[in-house]
Amino acid sequence: MKVGFIGLGNMGAPMARNLAAANIEVAGFDIARACPEAVAPASSAAEAASSRDVVLTMLPDGEALLAVASEIIPAMPPGSLLLDCSTVDIDSALKANEAAKAAGPRFMDAPVSGGVAGAAAGTLTFMAGGSKEDFAEVSPLFGIMGSKAVHCGGAGSGQAAKICNNMILGATMIVTCEAFALADKLGLSRERMFEVVSKSSGYSWSMNAYCPAPSVGPKSPADSDYEPGFAAELMLKDLRLAQQAAESSGADTPVGRLASKIYESFVENEGGAGRDFSAILLKFAKNG
Ligand code: NAD
């Protein structure tokens, strides 16, 4: 399988590197970054996409996806597949799907969970939206870059799964941090709170696997002064996408809406920019 890879940032570069290390022929392009070793540099997105079976994109947002899609779709061979692994709004994923279908190539949205560490280790989770046949066809690529891939349904459903997951993640991280701040006030040690909650009905990934309190639980960004990890800005982006989807579909998501507002204030006015999203503990408990 010949692969084109467009968007070689924090996530895209290690994903492309893993494909190349598995002997897949990869041509790469990024407007600002150099290609990782073993990826053949192309001089444009269109060049990276021409004569490829699959073109992967790993871009910042829906606007970038639509700009790249309009550039590469005319260069993609009929029957090839545009596999967008970025996190974007559902509307942009559907527009990219329509644009591809009208011109010949197929489209699948397959955003990921697992962060930069998961991209480097090849342990990402992919949530895919597209046809069953296309999912089966690109599954070997998911197997190289990740450890789990779920076919969620038709086009756009991968993005739907991603924003639902991250709305839960943002809200549980906030309430976990609130609970640590409350425990501080009540004189309950953070270690004992972790010991109890991580084995009780309040457990969650935020508490058990990514504990926001330094020196408590498994190693996490809290132990490295909240160096991301998963940056607070990216959490805000995903919470906003969830609210955008909730508004356009008429879903009632009051906690998700509040979580979005809390992260907005944290990133824009309270020093959260550039820090891991778990640093929101500092907003509630001054001694982090
Ligand atoms: P990033 O900003 O490091 O990388 C994006 C890359 O796209 C950049 O290198 C940029 O130069 C390139 N780019 C932008 N416009 C382009 C264009 N027109 N043509 C070619 N290249 C272009 O971002 P990232 O952290 O790698 O994230 C990529 C996507 O993955 C985002 O949608 C993000 O929400 C999602 N994501 C990120 C993480 C994470 O922990 N970083 C986790 C899960 C999902």
Side-chain angles (χ1 to χ4, degrees), residues 4-18 26-36 39 41-49 55-73 75 82-90 92-93 96 109-128 142 145-149 158-159 161-170 173 205 209-210 220-221 226-242 244-245 263 267 273-279:
F5 207 119
I6 298 163
L8 298 163
N10 296 329
M11 296 290 289
M15 290 164 73
R17 200 179 291 123
N18 285 339
V26 187
F29 178 75
D30 189 294
I31 41 168
R33 308 257 196 133
C35 268
V39 172
S43 60
S44 67
E47 189 190 307
V55 181
L56 260 111
T57 46
M58 198 53 173
L59 298 161
D61 52 31
E63 201 182 323
L65 169 64
L66 292 178
V68 167
S70 69
E71 202 184 326
I72 63 174
I73 287 171
L82 170 51
L83 181 62
D84 179 44
C85 297
S86 333
T87 303
V88 304
D89 57 290
I90 294 174
S92 295
D109 52 298
V112 303
S113 174
V116 176
T123 56
L124 294 169
T125 297
F126 287 85
M127 335 175 185
F142 293 149
M145 297 181 288
S147 51
K148 175 87 184 160
Q159 297 297 347
K162 169 78 186 176
I163 57 179
C164 288
N165 181 74
N166 279 23
M167 187 173 81
I168 295 171
L169 176 62
M173 181 55 81
W205 187 85
Y210 207 87
S220 70
Y226 299 103
E227 196 182 304
F230 185 54
E233 295 94 307
L234 287 177
M235 175 47 80
L236 175 58
K237 169 191 168 187
D238 292 356
L239 288 169
R240 283 176 168 161
L241 290 177
Q244 197 180 325
Y263 268 102
V267 167
R275 311 199 84 173
D276 188 76
F277 82 114
S278 60

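Ligands are counted one by one from 1 in listed order, and the atoms in each one are counted from 1 as well. Hydrogens, waters and symmetry mates are skipped; everything else that's a heavy atom, side chains included, is used.
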- Task: Could you find the nearest protein heavy atom to atom 30 (O) of ligand 1 and give me its residue, atom name and distance?
- Result: M58 CE, 3.2 Å
- Message: Please check: side-chain N/O of K162 versus main-chain N/O of T87, any donor-acceptor pairing under 3.5 Å?
- Response: no
- Query: Does an N or O anywhere in D61 fall below 3.5 Å from an N or O of ligand 1?
  - Reply: no
- Task: List the closest protein heavy-atom neighbour of atom 21 (N) of ligand 1: residue, atom name, distance to the nearest 0.1 Å.
- Result: I31 N, 3.4 Å
- Answer with yes or no whether A45 contacts ligand 1, where contact means a heavy atom under 4.0 Å from a ligand atom. no
- Message: Show the atoms of ligand 1 that are less than 4.0 angstrom away from any heavy atom in S86.
- Response: 32 (O)
- What do you reckon, does D30 have a nitrogen or oxygen under 3.5 Å from a nitrogen or oxygen of ligand 1? yes
- Among L241, T87, D238, which residue places a heavy atom closest to atom 36 (N) of ligand 1? T87
- Task: Using non-hydrogen atoms of the residue, decide whether E71 is closer than 4.0 angstrom to ligand 1.
- Result: no
- Query: Just which atoms of ligand 1 are under 4.0 Å from any heavy atom in F230?
  - Reply: 40 (O)
- Task: Output the list of atoms in ligand 1 that are nearer than 4.0 Å to some heavy atom of G7, sorted by atom number.
- Result: 7 (O)
- Task: Determine the interplanar angle of the F277 and Y263 rings, folded into 0 to 90°, and report it as parallel if under 30°, tilted if 30 to 60°, perpendicular if over 60°.
- Result: tilted
- Identify the protein heavy atom lying closest to atom 41 (N) of ligand 1, giving its residue, its atom name and the separation to 0.1 Å. L234 CD1, 3.4 Å
- Message: Can you report which non-hydrogen protein atom sits closest to atom 33 (C) of ligand 1, along with the distance?
- Response: K237 NZ, 3.7 Å
- Which bit of K162 gets closer than 4.0 Å to ligand 1, counting heavy atoms only: side chain, backbone, both or neither? side chain
- M11-ligand 1 polar pair, N/O distance under 3.5 Å: yes
- Side chain, backbone, both or neither: L59 near ligand 1, heavy atoms under 4.0 Å: both
- Message: List ligand 1 atoms under 4.0 Å from I6, heavy atoms only on the residue side.
- Response: 20 (C)
- Query: How far is atom 19 (N) of ligand 1 from its nearest protein heavy atom, and which residue and atom name does that atom have?
  - Reply: V68 CG2, 3.7 Å
- Task: Go through ligand 1 atom by atom and flag the ones less than 4.0 Å from a non-hydrogen atom of R33.
- Result: 3 (O), 9 (O)
